[in-house]
Amino acid sequence: MRILVVNPNTTASMTERIGACAQAATSAGTTVRAVNPDMGPASIESHYDEALAVPGLLSEIARGEADGVDGYVVACFGDPGLDAARELATGPVVGIAEAAMRTATYLGRGFSVVTTLGRTCGRAWDLAERYGVQRFCRAVRACEIPVLDLDDPGSDAREVITEECRRAVAEDGSDAIVLGCAGMADLCTHISARIGVPVVDGVTAATRTVESLVVLGLRTGARGEFAAPRPKSYTGLLRDFTIA
Ligand SMILES: O=C(O)C[C@H]1NC(=O)NC1=O
């Protein structure tokens with residue numbers, strides 16, 4: 001089985017870490033390839049970044065289709081372009097926020113999301129509502145850490161995130177924590193050991209979800225809303241997105 005994990009931002013070092021975490025979570029016989037587009041934002045921290053990340057994401061999904069990939073992970077906590085990717089992909093497409101939130105609902109009565117910047121909290125709440133898990137989501141907490149600080153070994157990001165997770169358990173009464181950034185994937189085990197509750201990382205949760213869906217022979221229903229886009233031309237910088 002081949003799973004393509006797409007980091008929609010353009011920071012290759014983050015893509016590499018994401019790919020290593022995803023591959024480590026899979027069963028024998030599953031190969032993960034992690035990629036990022038060469039066009040788009042270095043990190044996704046706003047609606048503007050998210051909008052500008054989607055074309056690059058979709059170009060990687062289209063490339064995966066040409067390569068015959070079995071399934072896809074959208075490795076960004078805003079699940080950008082998830083619905084559009086599902087229209088393009090033959091196999092299942094799972095976003096890390098959806099996978100992490102749904103996984104956390106199996107672990108207790110409530111979870112807290114711990115994410116990067118406060119300005120992204122609204123999106124996390126919107127996604128909890130979209131995915132029907134808002135009654136499980138007790139809080140969305142921001143560490144006020146820029147996404148790329150997670151890639152800086154000299155930053156104190158790990159400690160700051162760990163302490164925010166500890167506060168979430170103490171103050172929100174949450175049974176589990178959801179890490180609100182793909183760049184936190186490698187912190188999951190460390191934080192869980194430090195705070196004593198399950199910590200869910202969306203990269204590994206989404207990768208295992210895709211693996212299970214492929215094993216079950218399940219994919220997005222392609223007869224209605226998620227049918228392939230109708231043939232159409234796109235102009236200017238998007239001309240390569242034309243659907244023949
Ligand atoms: O929304 C966030 O803060 C996290 C999100 N941004 C990013 O570049 N990768 C992510 O997972």
Side-chain angles (χ1 to χ4, degrees), residues 1-9 15 18-19 22 25-26 30-37 39-41 44 47 49-105 123-124 126-134 178 180 182 200-234 238 240-244:
M1 180 189 314
R2 291 187 297 149
I3 297 176
L4 188 67
V5 175
V6 185
N7 169 18
N9 74 38
T15 304
I18 290 167
T26 57
T30 296
T31 302
V32 167
R33 189 157 64 89
V35 297
N36 60 258
M39 67 171 175
I44 299 165
H47 297 298
D49 292 343
E50 192 165 292
L52 291 178
V54 173
L57 166 84
L58 295 177
S59 66
E60 295 303 328
I61 300 289
R63 202 167 291 163
E65 284 299 286
D67 293 344
V69 158
D70 296 295
Y72 302 87
V73 170
V74 176
C76 174
F77 201 75
D79 291 352
L82 181 61
D83 290 336
R86 285 174 172 165
E87 290 178 348
L88 285 186
T90 306
V93 186
V94 176
I96 68 170
E98 181 170 14
M101 289 182 180
R102 292 190 190 286
T103 299
T105 66
R123 180 87 173 118
D126 288 347
L127 291 175
E129 184 174 357
R130 168 184 162 162
Y131 300 138
V133 298
Q134 64 271 38
V178 166
V200 182
D201 144 61
V203 170
T204 48
T207 301
R208 287 299 280 194
T209 302
V210 170
E211 204 174 28
S212 300
L213 292 169
V214 172
V215 166
L216 294 171
L218 298 173
R219 45 169 289 203
T220 306
R223 295 178 58 80
E225 176 181 346
F226 294 97
R230 294 178 59 248
K232 192 170 302 174
S233 67
Y234 297 82
L238 298 182
D240 293 344
F241 287 83
T242 292
I243 304 283

Val32 side chain reached by Thr26 side chain, heavy atoms, under 4.5 Å: yes
Test side-chain hydrogen bond (donor to acceptor under 3.5 Å, both in side chains) applied to Glu65 - qualifying residues, sequence neighbours left out: Tyr72, Thr90
Any donor-acceptor N or O pair under 3.5 Å, side chains Thr30, Glu211: yes
Any residue meeting side-chain hydrogen bond (donor to acceptor under 3.5 Å, both in side chains) with Thr15, in chain and number order, not counting sequence neighbours: Asn7, Asn36
Under 3.5 Å: donor-acceptor pair, side chain of Asp201, backbone of Thr204: yes
Within-4.5 Å side-chain heavy-atom neighbours: Phe241 and Lys232: no
Distance (rounded to the nearest 0.5 Å) between Ser59 OG and Leu88 CG: 10.0 Å
Counterpart residues, side-chain hydrogen bond (donor to acceptor under 3.5 Å, both in side chains), relative to Asp67 (two or more places apart): Arg33
Residue list, salt bridge (Lys or Arg N to Asp or Glu O under 4.0 Å) with Arg219, at least two apart or on another chain: none
Residue pair Val74 / Val6, side-chain heavy-atom distance below 4.5 Å: no
Qualifying salt bridge (charged side-chain N to carboxylate O under 4.0 Å, His left out) pairs with a residue from residues 94-104, counting only residues at least two apart or across chains: Arg86-Glu98, Glu98-Arg102
Non-hydrogen side-chain atoms of Thr207 and Ile3 separated by less than 4.5 Å: yes
Donor-acceptor pair, side chain of Asp79 and main chain of Ala97, under 3.5 angstrom: yes
Which residues share a salt bridge (Lys or Arg N to Asp or Glu O under 4.0 Å) with Asp83, sequence neighbours left out: Arg130
Check: Tyr131/Asp126 side-chain N/O donor and acceptor closer than 3.5 Å: no
Polar side-chain atom of Thr220 near backbone of Pro92 as donor-acceptor pair, under 3.5 Å: no
